[in-house]
Amino acid sequence: MRALVLDGDAGIDHLAVVERPTLEPAAGQVAVTMEAASLNYRDLATVESPMIKGRLPLVPLSDGCGLVSAIGPGVTRVAVGDRVAPLFFQGWLGGEPTGPALATALAGGIDGVARDQVVLSENGVSKVPAALSDEEAACLPCAALTAWRALVEGGLKPGDVVLAQGTGGVSIFALQFAKAAGATVIITSSSDEKLERARALGADHAINYKTDPEWAKAARKLTGGRGVDHVVEVGGAGTFQQSIQAIRIGGHIAVIGVLSGMVKDLNVAAMFGANARIHGITVGSREQFEAMCRAIEANAIRPVIDRRFPLEDAQSAFRAMKAGEHFGKIVLNF
Ligand SMILES: NC(=O)c1ccc[n+]([C@@H]2O[C@H](COP(=O)([O-])OP(=O)(O)OC[C@H]3O[C@@H](n4cnc5c(N)ncnc54)[C@H](OP(=O)(O)O)[C@@H]3O)[C@@H](O)[C@H]2O)c1
């Protein structure tokens with residue numbers, strides 16, 4: 001089978017498709033023939049990290065969708081022919097996250113899904129919504145589940161105001177889930193063209209954070225001075241302080257990403273002054289994935305795919321993500 005492998009050193013140039021032996025599922029395992037995979041910013045960060053060298057060779061990408069092609073003895077959760085997604089955390093099935101569960105991320109300590117076939121525990125895969133294409137379902141395990149958990153654990157309810165930063169994978173899912181829940185959405189972007197696309201998807205308000213660098217003030221004004229109920233905080237150093245300015249008293253900031261670097265100086269007084277619920281989020285459990293899939297089905301949500309590349313052209317897909325020109329998701333076809 002073909003496998004995309006990062007080997008030798010960090011960097012997009014070190015990604016190559018190689019041949020690897022096909023595997024047979026053992027007891028309790030399933031073999032999945034992968035049909036599509038999607039990129040997350042985390043994959044770019046992993047491939048480019050100078051720290052990755054000790055873990056090479058590594059098959060990248062956590063998110064994909066495929067067909068169960070064989071099952072080992074004792075498997076009951078899925079059958080041959082089922083369409084499934086491998087779960088981001090192979091060992092976080094439900095309940096609160098634990099250290100051991102969070103150590104089971106695909107394409108972290110263990111090989112990811114950018115290959116023709118994966119063999120995983122039956123507990124590490126979940127069926128995907130029937131209405132979605134393979135490419136669309138391949139967008140769910142990390143980006144969608146992170147956005148889902150950020151909003152659901154924040155206590156999202158109809159009439160709330162959600163602020164989503166930028167128009168990447170997590171933020172566009174946040175927009176879609178927030179609108180499905182009856183919330184008002186404020187979205188930010190560096191591009192007016194992307195803001196128009198976000199409006200077409202249902203965003204109520206759009207702020208260009210390049211031409212309006214004081215976007216938190218603008219967002220607050222849009223709420224009549226009250227502040228927003230939820231921030232999907234993916235920006236890190238460049239956005240965190242303004243997220244605290246934008247949040248209403250007692251609002252929820254889901255701390256997810258570091259697109260503009262790690263936050264170094266924290267205005268702790270502003271944090272307690274806002275009585276903000278500041279909540280670190282790492283993707284989610286299988287239980288949460290299944291709840292999210294039910295919501296996707298009930299609300300006919302379709303993941304937004306911006307561009308597609310063949311597996312062999314994975315380097316171009318990573319370069320496209322690095323350029324930041326995408327709106328929503330970038331997908332690899334097998
Ligand atoms: N904690 C977790 O479990 C978890 C899970 C998923 C993702 N993440 C993190 O969340 C972040 C987003 O991931 P992703 O996969 O959605 O990324 P992505 O698809 O690559 O999104 C990138 C987009 O973010 C926007 N952006 C960049 N810098 C920004 C800034 N300073 N302010 C506002 N928006 C900015 C840009 O949107 P415009 O082009 O519209 O300006 C850019 O196109 C990453 O840091 C990722 O590592 C964490």
Side-chain angles (χ1 to χ4, degrees), residues 38-49 60-63 87-89 92 97 101-102 105-108 138-151 153 163-176 186-199 201 203 206-216 218-219 231-243 246 253-263 278-285 288-289 303-307 317-331:
S38 76
L39 272 69
N40 290 293
Y41 188 82
R42 165 204 187 236
D43 300 308
L44 174 64
T46 302
V47 163
E48 295 203 315
S49 166
L61 304 191
S62 57
D63 289 12
L87 295 157
F88 184 90
F89 288 119
W92 185 13
L102 296 184
L106 287 174
C139 299
L140 302 181
C142 176
L145 187 53
T146 302
W148 171 260
R149 194 175 152 223
L151 296 175
E153 291 196 1
L163 186 139
Q165 296 172 347
T167 57
V170 172
S171 297
I172 293 300
F173 275 117
L175 161 64
Q176 292 177 297
I186 303 173
I187 196 150
T188 69
S189 176
S190 56
S191 149
D192 288 340
E193 186 247 318
K194 289 183 180 182
L195 288 173
E196 275 318 302
R197 290 172 75 180
R199 278 189 191 278
L201 271 177
I207 305 172
N208 186 317
Y209 64 83
K210 290 280 184 215
T211 56
D212 193 354
E214 303 230 14
W215 52 267
V231 176
V232 179
E233 167 52 57
V234 294
T239 54
F240 191 75
Q241 226 46 263
Q242 289 208 53
S243 293
I253 301 178
V255 180
I256 293 168
V258 288
L259 284 166
S260 55
M262 299 279 185
V263 183
I278 295 174
H279 181 182
I281 297 276
T282 49
V283 197
S285 66
Q288 290 165 330
F289 183 88
V304 177
I305 298 171
D306 188 72
R307 48 195 86 179
F318 275 83
R319 289 199 180 94
M321 170 148 273
K322 194 169 179 177
E325 287 161 4
H326 58 291
F327 177 94
K329 298 295 293 177
I330 297 173
V331 161

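We count residues from 1, following the sequence as given. Note that ligands are numbered from 1 as they come in the structure, with each ligand's atoms numbered from 1 the same way. For clarity, every value in this text was computed on a predicted model and none was experimentally measured.
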Please find the pair of heavy atoms, one from [X] and one from [Y], that lie closest to each other, and give the distance.
X	Y	result
Arg42	Ala105	NH2-CB, 3.7 Å
Glu325	Asp306	O-OD2, 4.4 Å
Ala101	Trp92	CB-CB, 3.7 Å
Ala143	Lys329	CB-NZ, 3.6 Å
Ile187	Leu175	CD1-CD2, 4.4 Å

Any chance you could measure [X], atom [atom1], to [Y], atom [atom2], to the nearest 0.5 Å?
X	Y	atom1	atom2	result
Lys210	Asp192	NZ	CG	12.5 Å
Leu39	Leu61	CG	CG	5.0 Å
Ile253	Ile281	CD1	CD1	12.0 Å

By number and element, which atoms of ligand 1 are closer than 4.0 Å to a non-hydrogen atom of [X]?
X	answer
His326	18 (P), 19 (O), 20 (O), 21 (O)
Gly166	25 (C), 34 (N), 37 (O), 40 (O)
Ile281	1 (N), 2 (C), 3 (O)
Val258	45 (O)
Lys194	38 (P), 39 (O), 40 (O), 43 (O)
Gly324	39 (O), 43 (O)
Met321	19 (O), 20 (O)
Ser190	38 (P), 39 (O), 40 (O), 41 (O)

Give the residue, atom name and distance (to 0.1 Å) of the protein heavy atom nearest [atom].
atom	answer
atom 21 (O) of ligand 1	Gly168 CA, 3.2 Å
atom 47 (O) of ligand 1	Tyr41 CD2, 3.7 Å
atom 32 (N) of ligand 1	Thr239 CG2, 3.4 Å

Does the [X] side chain pair with the main chain of [Y], one donor and one acceptor, at a distance under 3.5 Å?
X	Y	answer
Gln242	Thr239	no
Glu233	Gly235	yes
Thr146	Cys142	yes
Ser49	Ala45	no

- Message: Between ligand 1 and Ala143, can you find any atom pair, the residue atom being a heavy atom, that is separated by under 4.0 Å?
- Response: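 Contact check Ala143 vs ligand 1: negative.
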
- Check if Ser189 has a non-hydrogen atom at a distance under 4.0 Å from any atom of ligand 1.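 Yes, Ser189 has a heavy atom closer than 4.0 Å to ligand 1.
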
- Query: Are there protein heavy-atom neighbours of atom 4 (C) of ligand 1 below 4.0 Å?
  - Reply: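 Given the 4.0 Å limit, the answer for atom 4 (C) of ligand 1 is yes, a protein heavy atom qualifies.
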
Proximity to ligand 1 by part of [X], non-hydrogen separation under 4.0 Å:
X	value
Val170	both
Cys142	side chain
Leu44	neither
Thr167	both
Glu325	neither
Tyr209	side chain

- Item | From the candidates Asp43, Leu259, Thr282, the one that places a heavy atom nearest atom 24 (O) of ligand 1 |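 The residue whose heavy atom sits nearest atom 24 (O) of ligand 1 is Leu259.
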
- Nitrogen or oxygen atoms of Ile256 and ligand 1 under 3.5 Å apart: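 Yes, there is a polar N/O contact under 3.5 Å.
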
- Task: Apply salt bridge (Lys or Arg N to Asp or Glu O under 4.0 Å) to Lys322 and list each qualifying residue two or more places apart in sequence or on a separate chain.
- Result: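 Testing Lys322 for salt bridge (Lys or Arg N to Asp or Glu O under 4.0 Å), a comparison that skips the adjacent residues, returns Glu48.
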
